[in-house]
Trainee: 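Let me begin by handing over the structure; questions about it come next.
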Amino acid sequence: MSFGMQLRQLRVRAGLTIEGLAEVSGVSARGIGNLERGERTAPQRRTVAALAAGLELDETARERLLSAARLARGGGRGLSQVRSTPRGVDDFVGRARELALLRQFAEDAARTGRNSAARPVVVSGPPGSGKTTLALHTVRELADRFPDGQLVVDLRGMDDTPPSTSESMLWVLKALEVPDGVLARSGAQAHPEVYRRVLAERRLLLVLDNARDERQVRPLLPGAGAGMVIVTSRRMLTGLENVHRLPIGELSPDEAAGFLTSLVGAERSEPEALREVAERCGRLPLALRVAGNWLATRTGWSVRRLADRLALEERRLDALSAGDVRVSAAFDLSYRQLTPTAARMFRLLALVDGPDLSAACAAALTGRSVLDAEDILDELVETGLLNVAGERYRLHDLLRLFARTRLRAEEPAEAVAGARTALRRWLLETAMVAGRWYEPGFGAPPPDWRGTVDLSSADRAAHWFRAEAANWLAALRAAAAEGEHATVVEAAESMHWFSDQFIFWGHWAEVFSTAARSARLLGDLVAEATQLNYQAWALIICEGSPRGGLAKAAEALETAERVGDLAQEAWAHFYMAWANSLLDEQLVAIEHNRRAAALFENAGDHHGLLQTMTSQCISLSELGRSREAIAEIARAFDYIDGSGDLFEPHIADFTRVNLHLTSGAIRMSLEEWDEAIVSLRTAVDLCRGTGNRGLESRALVALGEALSATGRKAEAREALTRCLLVDAGAGSQHTERARQHLSRLDADGAAEGP
């Protein structure tokens, strides 16, 4: 704050007029007036001492006034901060990447000259993400790089009537101690020119905090100079050109836990409970600060008690308040600035169960076209109430809770029910069409289908399935709860062949068990047996539970026999064979495969017969009957290759992969390494072509082991590392095998030495 502004504040606070201060200090009234108006900017020390005595300042205030005078005498251009630093900056945590970028931007600014173009930094993010705190921390950290001072201007963008651009500009000019006489002579119309010239002349760090929109902030951006400008806004301010963009969001888990620890003290640290509190605050800095202040002022509370309090979603936003600071109030400021259509979209987003959604999903939810929905979603993104990553939109967890409160308060119950139903039906109908790409005898959507997503190929259908998985799973659950059992069964049936492409998703057992219950409630025994068989597959393969799968397959067999369905009897025997093989009961598995093959032939099910041949190869191999197994593999390949178009391409490819995997394993057991490597490389290539990551990871780890056994360690390491990348996040057993083998390779390399 300039010396004149500081003097005026102190005088008013003391209840003195200019004449009154002149009388008690001995400084002339004219002199005091010139100082306060900025017409005189460099008072002598004895003048300041006299004024301090007349104001009866304590030692701290007196020293502050003297410091302002010293800065002024240093050239009239130095500035102290013109805005007090809010609580919370001293315990700033994290944002290492953002701070590194800001330091780099400051270095770039320092290398520019007066006539070089200035490039502001726009820090944007949702309410409560700590934009202002980051900016103020940056002011402190970079202060020494800007010798002409640091200035923070609150643009009050969330106010109903924020200050005009001309008001903010005049405030900056006065803070920069441009004399009133100069401003009066130039006239208001010339203030922008004076503003740009003054900023161009100074190495100044200017923070334009809490900007409402581009129109408010654009005239305040200097065109040139060696200074640096940081703009903070809830909006992304996409209309601004030639700016550095620095979007921020929630803190990382470690940063959030560290922030809470800094607020409550290490002596009260309960690591697990702290992390729960952090997650329930969505790792949003404002919410973390409120939670930390709660604990800091309630020393009798344990961290666990607060974590349990925040576990109640319906009470969480109410709990996240401390004094006059409420997380929901910060959200409400942005919400009230939305257009009516965007506000309704925001409310309805609370009905989306998954972590994110597409524009087509939002269109189904609101009954609008996809293009309209994209425009509305973009408004929410621009205002900081919605995040976007690629084609997906994500609502922060706490903002979702806030949207839910607005939904209950503002949306009629029948409208909510209608939107929920429309979304559920769209998700399941689209899932049925997408899944048919993988069903024998189906393929592309029917000509009369008028969908809102591109399902023109199997790959696009698979992409939609994976991206929208959490949402259509929630829709399936809701349909079952609403008694829409026929829809549940049809949806599960339509996607069961696709499940081979998405093996380690983690929810197939639930999908098929839900469908089996719906079929039972419909009284459809064939459908029930079918879904029980699918559930058996999911338990055996996806969840690694052969005993659970064996029990479900036995249940499916009993149900199929009651209705005399040969195909489902065959599939039940097939899954029982698979489970018994994994349980190392190979003779039992071979008998089940034999019975399955006979039933498949009688039922005319070529796909089932092919799968049974593959299963039989595995059991023969496990019994040590390797040559019989290799002969059975060759017979299966001949069956596929001689079938013409009998098999769907993706089913044929899936089976070829399994046959090559089985062949590779058998050849490895026989130490026929070259043949094994050829089979496994072929399996990897087929998986890459079809996008089947689950089988690709299995093929890669086997290939890595085969290559390692032949001393081709560099190639082995490449295959095993690729397995970790392909299987990232899936958590399958192949990842662990790959890690273990890589560790052995590392140990062998260390033992061999350089």
Side-chain angles (χ1 to χ4, degrees), residues 77-83 85 95 98-125 130-157 162-178 191-248:
R77 292 161 59 186
L79 298 168
S80 59
Q81 269 187 249
V82 299
R83 171 174 168 176
T85 303
R95 304 294 190 204
E98 290 84 355
L99 286 170
L101 285 170
L102 287 164
R103 282 192 289 269
Q104 182 60 54
F105 298 152
E107 291 174 7
D108 294 343
R111 286 193 291 268
T112 65
R114 173 178 174 178
N115 297 319
S116 301
R119 192 172 182 188
V121 183
V122 175
V123 179
S124 61
K131 301 176 290 297
T132 298
T133 301
L134 173 62
L136 292 173
H137 184 80
T138 304
V139 167
R140 287 191 170 186
E141 183 171 294
L142 302 182
D144 60 338
R145 304 190 188 194
F146 297 95
D148 290 331
Q150 309 86 45
L151 191 63
V152 181
V153 185
D154 186 356
L155 298 181
R156 300 185 353 237
S164 67
T165 299
S166 59
E167 287 177 300
S168 298
M169 187 177 292
L170 185 59
W171 190 91
V172 171
L173 290 171
K174 284 183 172 291
L176 293 174
E177 300 183 350
V178 176
H191 287 174
E193 181 182 348
V194 175
Y195 177 88
R196 287 190 294 271
R197 184 180 70 249
V198 169
L199 289 184
E201 292 173 347
R202 306 191 186 209
R203 288 278 303 281
L204 173 76
L205 176 53
L206 173 64
V207 176
L208 301 174
D209 187 37
N210 194 12
R212 185 185 189 91
D213 53 29
E214 294 91 339
R215 184 172 58 182
Q216 184 194 31
V217 77
R218 188 179 284 114
L220 298 174
L221 301 178
M228 179 178 179
V229 179
I230 300 174
V231 183
T232 74
S233 179
R234 298 184 180 195
R235 293 180 175 270
M236 297 179 72
L237 304 180
T238 52
L240 295 181
E241 299 176 352
N242 193 34
V243 299
H244 296 293
R245 297 198 177 277
L246 193 57
I248 64 172

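Numbering of residues begins at 1 and proceeds along the displayed sequence.
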Trainee: In the structure I gave you, are the side-chain heavy atoms of L221 and L208 within less than 4.5 Å of one another anywhere?
Mentor: yes

Trainee: Between L205 and T138, what is the shortest heavy-atom contact and its length?
Mentor: CD2-O, 4.3 Å

Trainee: Between atom OG1 of T133 and atom NE2 of H137, what is the distance when rounded to the nearest 0.5 Å?
Mentor: 10.5 Å

Trainee: Would you call L151 and W171 a side-chain contact if the rule is heavy atoms closer than 4.5 Å?
Mentor: yes

Trainee: Show your reasoning for whether side-chain contact (heavy atoms from CB on, under 4.5 Å) applies to E107 and R145.
Mentor: CA-CA 8 Å; E107 291 174 7; R145 304 190 188 194; 3.2 Å; yes

Trainee: Looking only at heavy atoms, which two atoms of N242 and P120 are closest? And how far apart?
Mentor: O-CD, 3.7 Å

Trainee: How about M169: does its CE atom have over 12 heavy atoms from other parts shown lying under 6.0 Å from it?
Mentor: yes

Trainee: Is the shortest side-chain heavy-atom distance between L199 and L176 below 4.5 Å?
Mentor: yes

Trainee: I want to check something: taking the side chain as every heavy atom from C-beta on, are L240 and R245 in contact at a cut-off of under 4.5 Å?
Mentor: yes

Trainee: Counting only N and O atoms by type, is there a donor-acceptor contact under 3.5 Å from the side chain of Q216 to the main-chain atoms of G157?
Mentor: no

Trainee: What closest approach, in Å, do T232 and N210 show between heavy atoms, and which atom pair accounts for it?
Mentor: OG1-N, 2.8 Å

Trainee: Taking the side chain as C-beta and beyond, is there a heavy-atom pair between P163 and R156 under 4.5 Å?
Mentor: yes

Trainee: Distance check, rounded to the nearest 0.5 Å: D209 atom CG versus I230 atom CD1?
Mentor: 10.0 Å

Trainee: Got a second to check how far R197's CZ is from R202's CZ, nearest 0.5 Å?
Mentor: 10.5 Å

Trainee: Between R103 and E141 (salt bridge meaning N to carboxylate O under 4.0 Å), is one present in this structure?
Mentor: yes

Trainee: Are the side chains of V243 and V231 in touch, meaning some heavy atoms are under 4.5 Å apart?
Mentor: no

Trainee: Nearest 0.5 Å please: distance from the NE2 atom of H244 over to the CG atom of L101.
Mentor: 9.5 Å

Trainee: Would you indicate whether the side-chain heavy atoms of S168 and L155 approach each other to under 4.5 Å?
Mentor: yes

Trainee: Got a donor-acceptor contact below 3.5 angstrom from the K131 side chain to the G125 backbone?
Mentor: yes

Trainee: Look only at the side chain of S233 and the backbone of R212, and say whether a donor-acceptor pair between them is shorter than 3.5 Å.
Mentor: no

Trainee: Is there a side-chain contact between R218 and T165, using heavy atoms and a 4.5 Å cut-off?
Mentor: no

Trainee: Between the main-chain N or O of L220 and the side-chain N or O of Y195, is there a donor-acceptor pair closer than 3.5 Å?
Mentor: yes

Trainee: Counting distance only, does the side-chain N/O of E214 pair as donor-acceptor with the main-chain N or O of G239 below 3.5 Å?
Mentor: yes

Trainee: Compare every heavy atom of R203 with every heavy atom of D148, then report the nearest pair and how far apart it is.
Mentor: OD2-N, 2.7 Å

